[in-house]
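Structure incoming, see below.
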There are 2 protein chains.
Amino acid sequence: MYFYENFIFVTLSEEDYIKAIYHLGKTQTAAVSTNAIAKRMATKPSSVSDMLRKLSDKGLVNYKRYKGVTLTDEGIATALNLVRKHRLWEVFLVDKLEFTWDEVHEVAEQLEHIKSEKLIDKLDQHLGFPEVDPHGDPIPSKNGEFKTSIKKLLKDLSIGTTGICVGVKDSSKTFLKFLDRKKIALGDEIKVLEREEFDGSLHIDIDGRDLHISKQIATNLYVKEV
Amino acid sequence: MYFYENFIFVTLSEEDYIKAIYHLGKTQTAAVSTNAIAKRMATKPSSVSDMLRKLSDKGLVNYKRYKGVTLTDEGIATALNLVRKHRLWEVFLVDKLEFTWDEVHEVAEQLEHIKSEKLIDKLDQHLGFPEVDPHGDPIPSKNGEFKTSIKKLLKDLSIGTTGICVGVKDSSKTFLKFLDRKKIALGDEIKVLEREEFDGSLHIDIDGRDLHISKQIATNLYVKEV
DNA sequence: ATTTTTATTTTGTCTAAATAAAAAAATGGC
DNA sequence: GCCATTTTTTTATTTAGACAAAATAAAAAT
Ligand SMILES: [Mn+2]
Ligand SMILES: [Mn+2]
Ligand SMILES: [Mn+2]
Ligand SMILES: [Mn+2]
């Protein structure tokens, strides 16, 4: 008969590392490298090595020296809970407090660390159980489930087809503000009129307006074909 | 020509110390003692000494060894801002997320440390610029001003007079839950019918109901005479 | 005036998180 | 397979915050 710690205490820093590993791991099948984590978190590889050993001791990651790192089931659960909290707070800031979608990230980065299960459940309810955050990213359910919608990049739409703008790949302030200036928002209907051979830029019809956008932009906008 | 740090960075721990000093200082004219702070924060006097030196270096407290501590103007401003944030979050939890008044303190204790001026301004607006928190405590304005209402303890009401219940002196979970069970809430109209010589207990009429309450209770309920 | 008690500070350690510099391991080219 | 380069880890330090034990100051008692 053994004694199990039901809940491991995870510090704020540890949480941020877990989240970084989660996001880096999403886009690749291989284990996440120390340097990649250091770069993303603007910290040093040596600090990352230290932390990985600690997270490994706590059973949150699978870590083999020099071989990169992956999240354990427990680590994934922790990451998904953080992503859930982060995105719910973002929805709160935009829907209830009139923040713009380029202002929410930094504050959500703090709020995601507040520890109260009841708080987040009630917040979810207060917001009407939203399925996506202000950037179109899906919000994991309480038990870590995702609505995976079939979205594609605007640049991959063929000429003549129409899509609803459902998300951004790059959610940097500069890109989001740029979209605001161009009056491109989630929910807009976009029809691809023509593609320029020269630079891959697109002529689109967005809710009745004609617009000419660079390939760069089309590469960072998600749409759902209709 | 000198360079001034416009904003001193105050850590979470420092903020909690500042708040403790503020609350302890409210009820007394003398400087706050090291031991009192240690007791309130469930920490050791030695830790407090260390911190007081640091806070003094940052210009947040006036500290003379062995002579206790008071807040500087900057310290007071910091404390009031924290109290403002703490109480606004408490209102949010009760008004918007259906928390009960005995559940809000621990969560607000975390939320008060979130750093974003815009967040708190917008929250204030979202809540309709409340003047008191769920325990009847006043919420400082953005520039640190208070609405000081003329309230007195229920035990100090004379026989036959009536008051509106406007606050609690003790806002511990046990007391708040007890009041819930007795169906005593802020806003209730209380008339003092009789005082027992023996134990100082009171017979009151509260919104039409007759109730017999101990002196202890009457000592922890604030009323506003009508 | 002296001693005792209480309150407070100092000192030395500890842990968490970070960095810089040095060492070790992996990798890619020949 | 060996070398040079890159990546990663180790080691030694630093800083913030905490605590226990020892030292000291102030207050109270004799
Ligand atoms: Mn964060
Ligand atoms: Mn987002
Ligand atoms: Mn706090
Ligand atoms: Mn309160």
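Each chain gets a letter, A, B and so on, in the order the sequences are listed, and its residues count up from 1.
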Can you confirm whether the side chains of A/Ser201 and A/Asp199 place a donor and an acceptor under 3.5 Å from each other?
yes
Checking side-chain contact (heavy atoms from CB on, under 4.5 Å) for the pair B/Lys96/B/His126: CA distance, chi angles, key distance, verdict?
CA-CA 10 Å; B/Lys96 304 292 184 182; B/His126 181 54; 3.6 Å; yes
Examine A/Tyr22 together with A/Tyr17 and report whether their ring centres are nearer than 6.0 Å.
no
Close approaches to DNA chain D from residues 44-64 of chain B, in residue order (heavy atom, under 4.0 Å):
B/Lys44, B/Ser46, B/Ser47, B/Lys54
Tell me, which of residues 14-29 of chain B have any heavy atom that sits under 4.0 Å from an atom in DNA chain D?
B/Glu14, B/Tyr17
For the side chain of A/Gln28 and the backbone of A/Ala30, is there at least one donor-acceptor N/O pair under 3.5 Å apart?
yes
Are any of the side-chain nitrogens in A/Glu109 or A/Lys19 under 4.0 Å away from the carboxylate oxygens of its partner?
yes
Residues A/Glu103 and A/Lys177 bridged, charged N to O under 4.0 Å:
no
Nucleic acid contacts of residues 32-39 of chain A, taken as heavy-atom distances under 4.0 Å to DNA chain D
A/Ser33, A/Thr34, A/Asn35
Applying ring-ring contact (aromatic ring centres under 6.0 Å, His included) to A/His105 and not counting sequence neighbours gives A/His86
So A/Leu52 and A/Thr34, do their side chains get closer than 4.5 Å, heavy atoms only?
yes
Is the number of heavy atoms from other residues, nucleotides or ligands under 6.0 Å of B/Lys39 NZ greater than 12?
no
Residues forming a side chain to side chain contact (heavy atoms under 4.5 Å, CB included) with B/Leu186, sequence neighbours excluded
B/Trp101, B/Cys165
I'd like a table of atom pairs between the protein and nucleotides 22-27 of chain C - only N or O on both sides, under 3.5 Å - with the distance next to each one.
{"residue": "C/dA25", "atom": "O4'", "partner": "A/Tyr66", "partner atom": "OH", "Å": "3.4"}

Reckon B/Ser13 has a side-chain N or O less than 4.0 Å from the OP1 or OP2 of D/dA16?
no
Using 30° and 60° as the class boundaries, would you call the ring planes of B/Phe92 and B/Trp89 parallel, tilted or perpendicular?
perpendicular
Restricting to non-hydrogen atoms, name the atom on B/Ala38 and the atom on B/Lys44 that form the minimum distance, rounded to 0.1 Å.
CB-C, 3.8 Å
